[in-house]
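Here is how names work: the chains are called A, B, and so on, in the same order as the sequence lines, proteins then strands, and each is numbered from 1.
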Number of protein chains: 2
Amino acid sequence: MTKDQSTEARIKEAASTIFMKKGLTGARMQEIADAASINKAMLHYYFRSKQKLFEVIFAEKVDALFTAFARIFQSEGTFREKIEQFVDLEITFISTFPSLPLFVLNEAAKNPSFVEDHMRSRKEILKQSLKITYDQMKIEFGPDIIPLDHFMINIFSLCIYPIIARPIAKVMLDKDDAAYDVFIESRKKHVTELLLQTIKVKS
Amino acid sequence: MTKDQSTEARIKEAASTIFMKKGLTGARMQEIADAASINKAMLHYYFRSKQKLFEVIFAEKVDALFTAFARIFQSEGTFREKIEQFVDLEITFISTFPSLPLFVLNEAAKNPSFVEDHMRSRKEILKQSLKITYDQMKIEFGPDIIPLDHFMINIFSLCIYPIIARPIAKVMLDKDDAAYDVFIESRKKHVTELLLQTIKVKS
DNA sequence: GTCTATAGGCGGATAGAC
DNA sequence: GTCTATCCGCCTATAGAC
């Protein structure tokens, strides 16, 4: 928490860390204040209430997720290269912020309407990028390919779930943290091949 | 919350509901007491503290998950039938208790050591069942098949993630709840075919 | 075992000086 | 804008009667 930032920036950075780790209900205003090296009163001065502060942070996180995904999809090249890059970048991104998806999913589950409203405006960028890739698939492989819905969900499932399920998967696969990192790294190639191989999967 | 149960059973049922919905920190003892049609004092009489009550419930949920998975794996028949049944039963099970995986993953992330210790004793049943299916794969398809680790994680990812990501996926796929239910149902066949088709995927 | 009443403290929020 | 001091309600937990 570097001192040479505006107070508001420091608060947001601190709140981001604490909320991600403990969730809305688990976080304490005092803890956020400490992490930002200010006192509780300032939190209320800048963001009025805990709820408001949380909503600002949460909205930013959803944006971060969606824009990251959208940017990842905008890679250039052949269809194979696109998938390769997308899987690589997505796994890398989620690995860098491993608590982000669980945080979003969890708070989304607890407050569906709030989240849905916020995402609705963001999804078009993502859908459009994906559509282009999908059309490219159709040209290359013909019209009889995996439905877009399944394709989309498969990518996200295969990239994200292994990272958010780490504590459980570690135990099931008998791996320590280092070994699990290697495993996740190896999934980049595995998932890419799997996706390419299942373009013509029977519905 | 049927009245004709022991108090302890009613408390556990109520606590289960509330904790799953709101998490440890979001849940209120008063709320649990109300749901169980008793008063707060009884909660402490039976379970001493909120933390203890939570741990009992959480342990039960982890057990429920693992034993359900283990039982699902113990299906009989050809390899194809096994995969078919496993995917079908797993998606059905998670759909019936959609907040269970997110609850476990979330609390696991917040308290890794507690969870890991508890699971370590449970995992063997599951691993053994899966190993049998995998050996069957080897006999049928030869030794050059998808690594067990990836196979295992792929199954869970493809079955579980679409259900826990429902609020987000709904928006991305432009589906209402009914349409999303249909989609999840359609994944039973899709995921089965995908898994069967990728047994010989390049590592 | 079950209840009421209450302790005790934590945590979000505000007042008000500087 | 930033701080200290403080309010006040909520929430866990316990005491103690029945």
Using whole Å, what does the distance between atom [atom2] of nucleotide [N] and atom [atom1] of [X] come to?
{"X": "A:Leu24", "N": "C:dG11", "atom1": "CG", "atom2": "P", "result": "14 Å"}
{"X": "A:Phe47", "N": "D:dG1", "atom1": "CZ", "atom2": "C1'", "result": "14 Å"}
{"X": "A:Met42", "N": "D:dT2", "atom1": "CE", "atom2": "P", "result": "4 Å"}
{"X": "B:Ile38", "N": "C:dG1", "atom1": "CD1", "atom2": "P", "result": "13 Å"}
{"X": "B:Ile32", "N": "D:dC11", "atom1": "CD1", "atom2": "P", "result": "12 Å"}
{"X": "B:Asn39", "N": "C:dT4", "atom1": "CG", "atom2": "P", "result": "6 Å"}
{"X": "B:Arg48", "N": "D:dA15", "atom1": "CZ", "atom2": "P", "result": "10 Å"}
{"X": "B:His44", "N": "D:dT14", "atom1": "NE2", "atom2": "C1'", "result": "9 Å"}

Less than 6.0 angstrom separating the ring centers of B:Phe54 and B:Phe47, yes or no?
no

So, do A:Phe183 and A:Tyr180 have ring centers that fall under 6.0 Å from each other?
yes

Would you call A:Lys61-A:Glu107 a salt bridge at under 4.0 Å N-O?
no

Quick one: on DNA chain C, does A:Ala41 or B:Thr7 contact a more 5' nucleotide (nearest heavy atom)?
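The 5'-side residue here is B:Thr7.
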
Please work out if B:Ala27 contacts a base, only the sugar-phosphate, or nothing of the nucleic acid, heavy-atom cut-off 4.0 Å.
sugar-phosphate

Mind checking whether B:Lys22 and B:Arg28 have side chains closer than 4.5 Å, heavy atoms only?
no

Under 4.0 angstrom between A:Arg28 side-chain N/O and C:dG12 OP1 or OP2
yes

Looking at C:dT2, I'd like to know if its phosphate oxygens (OP1 or OP2) sit under 4.0 Å from a side-chain N or O belonging to B:Tyr46.
yes

Side-chain-base donor-acceptor pair under 3.5 Å for A:Lys40 and C:dG12
yes

